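Read through the structure below, which is laid out as structure tokens, and then see the notes.
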Amino acid sequence: MASLPEVIISEQRPFAPNSDRVAKFKESLQSDAHHSVFEPLSGKRLYSKVYYFYRQPTGIDVDNLCKPILDALKNIVYVDDSQVVLLVAAKVAVEIDTYQLILRHAALEEKYQRLLTSLASQAPHVLYIEVGELTDLYLDVGITALTP
């Protein structure tokens, strides 16, 4: 049975790998992670979810969003980011996009409430980062053809 995932909630703006502000971002994220995680996950196959909720315009691409985050969590959440074999990422414009938050593990109620509080407080940037053991890998590769 897989252990509960590690969840980090951070109210900071992420920066792309080539940004001059990425080092400070990674340092702050590492501090947030140290407050949430006691020891790195040892599983050889992990998944990660990165959801970036924002209220202010952001120019970061979703692929550039993930690399600094995964790099920053090395030796804190996992031994190496090569353990992450499945990555789900999204940018959510809080005041435009429709989204639904679902608590999947009752034991993570505190983290879920922290996320809700951050979003309700009108924080301009909120990162939800979840990393856990990958137990099953289901890939939806269906193709739908549209006909006139």
Side-chain angles (χ1 to χ4, degrees), residues 2-37 40-41 43-105 108-146:
S3 61
L4 285 174
E6 297 292 351
V7 174
I8 300 158
I9 310 293
S10 181
E11 292 184 8
Q12 55 182 309
R13 178 182 176 185
F15 291 94
N18 60 351
S19 170
D20 58 347
R21 297 189 275 187
V22 73
K24 183 157 178 60
F25 162 71
K26 287 166 66 172
E27 184 179 303
S28 295
L29 184 58
Q30 289 169 337
S31 176
D32 290 343
H34 277 297
H35 289 99
S36 297
V37 179
L41 294 169
K44 293 183 179 179
R45 295 171 53 84
L46 304 176
Y47 74 88
S48 180
K49 296 178 185 177
V50 177
Y51 300 141
Y52 172 36
F53 298 89
Y54 62 95
R55 286 188 165 80
Q56 298 176 348
T58 178
I60 192 166
D61 295 336
V62 76
D63 60 331
N64 288 329
L65 167 70
C66 297
K67 178 140 181 61
I69 291 170
L70 293 178
D71 288 346
L73 300 180
K74 181 177 176 179
N75 293 321
I76 302 170
V77 177
Y78 35 73
V79 177
D80 189 82
D81 59 350
S82 66
Q83 291 169 264
V84 177
V85 299
L86 176 65
L87 175 63
V88 177
K91 290 174 32 178
V92 181
V94 174
E95 294 161 354
I96 298 170
D97 294 330
T98 301
Y99 60 93
Q100 181 179 18
L101 303 175
I102 300 170
L103 177 62
R104 298 222 182 262
H105 302 284
L108 294 175
E109 173 76 25
E110 181 182 328
K111 303 287 182 144
Y112 180 75
Q113 290 302 323
R114 168 100 163 78
L115 175 61
L116 293 177
T117 299
S118 292
L119 292 170
S121 73
Q122 302 295 311
H125 309 280
V126 179
L127 283 169
Y128 172 90
I129 305 162
E130 177 181 319
V131 180
E133 293 179 23
L134 184 64
T135 55
D136 296 306
L137 183 59
Y138 295 104
L139 301 177
D140 183 356
V141 293
I143 299 171
T144 304
L146 299 175

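The first residue of the sequence shown is numbered 1, and numbering continues consecutively from there. Note that the coordinates shown come from a computational prediction; the quantities given were computed from them, not determined experimentally.
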Item to complete: Answer yes or no: does atom CD of Gln122 have more than 12 heavy-atom neighbours from other residues, nucleotides or ligands under 6.0 Å?
Response: yes
Worksheet item: If you look at every heavy atom in Ala16 and Ile60, which pair is closest and at what distance?
Response: N-CD1, 3.6 Å
Practice prompt. Kindly write out the residues that satisfy side-chain contact (heavy atoms from CB on, under 4.5 Å) with Asp97, not counting sequence neighbours, or none if the list is empty.
Written response: Val92, Ala93
Worksheet item: Hey, what do you get for CG (Asn64) to OG (Ser19), rounding to the nearest 0.5 Å?
Response: 10.5 Å
Item to complete: Kindly compute the distance separating OH (Tyr52) from CG (Leu127), expressed to the nearest 0.5 Å.
Response: 7.0 Å
Discussion item. Looking at every non-hydrogen atom in both residues, tell me the closest pair between Ala89 and Val62 and how far apart they are.
Written reply: CB-CG2, 3.8 Å
Worksheet entry | For Arg114, all residues meeting side chain to side chain donor-acceptor pair (under 3.5 Å), sequence neighbours excluded | Ser118
Fill in: ring-ring contact (aromatic ring centres under 6.0 Å, His included) partners of Tyr112, counting only residues at least two apart
none
Worksheet item: Which residues satisfy the side chain to side chain donor-acceptor pair (under 3.5 Å) test with Ser36, sequence neighbours excluded?
Response: Lys111
Discussion item. Per the salt bridge (Lys or Arg N to Asp or Glu O under 4.0 Å) rule, what does the pair list look like for residues 44-63, sequence neighbours excluded?
Written reply: Lys49-Glu130, Arg55-Glu95
Item to complete: Please report the closest heavy-atom contact between Gly43 and Gln83, naming both atoms and the distance.
Response: O-NE2, 2.5 Å
Practice prompt. Report the residues that fulfil ring-ring contact (aromatic ring centres under 6.0 Å, His included) with Tyr51, sequence neighbours left out, ordered by chain and then residue number.
Written response: Tyr128
Fill in: Partners passing side chain to side chain donor-acceptor pair (under 3.5 Å) against Glu109 (at least two apart in sequence or in another chain)
Gln113
Practice prompt. Indicate the atoms forming the closest heavy-atom contact of Val126 with Leu115, along with that distance.
Written response: CG1-CD1, 3.8 Å
Worksheet, complete the sentence: Of all heavy-atom pairs linking Pro17 and Val22, the shortest is O-CG1, 3.6 Å
Response to the item:
Sorted by chain and number, sequence neighbours left out, ring-ring contact (aromatic ring centres under 6.0 Å, His included) with Phe15 holds for none
Practice prompt. Only pairs at least two apart or in different chains count here, so list each salt bridge (Lys or Arg N to Asp or Glu O under 4.0 Å) that has a residue in residues 14-34.
Written response: none
Item to complete: Please collect all salt bridge (Lys or Arg N to Asp or Glu O under 4.0 Å) contacts where either partner lies in residues 117-128, sequence neighbours excluded, each pair once.
Response: none
Discussion item. Under the salt bridge (Lys or Arg N to Asp or Glu O under 4.0 Å) definition, can you give me all pairs with a residue in residues 68-94, not counting sequence neighbours?
Written reply: Lys67-Asp71, Lys74-Asp80
Practice prompt. Sequence neighbours left out, what passes ring-ring contact (aromatic ring centres under 6.0 Å, His included) with Tyr78? Give chain and number order.
Written response: none
Worksheet entry | Separation between CD1 of Ile76 and CD of Glu6, rounded to the nearest 0.5 Å | 11.5 Å
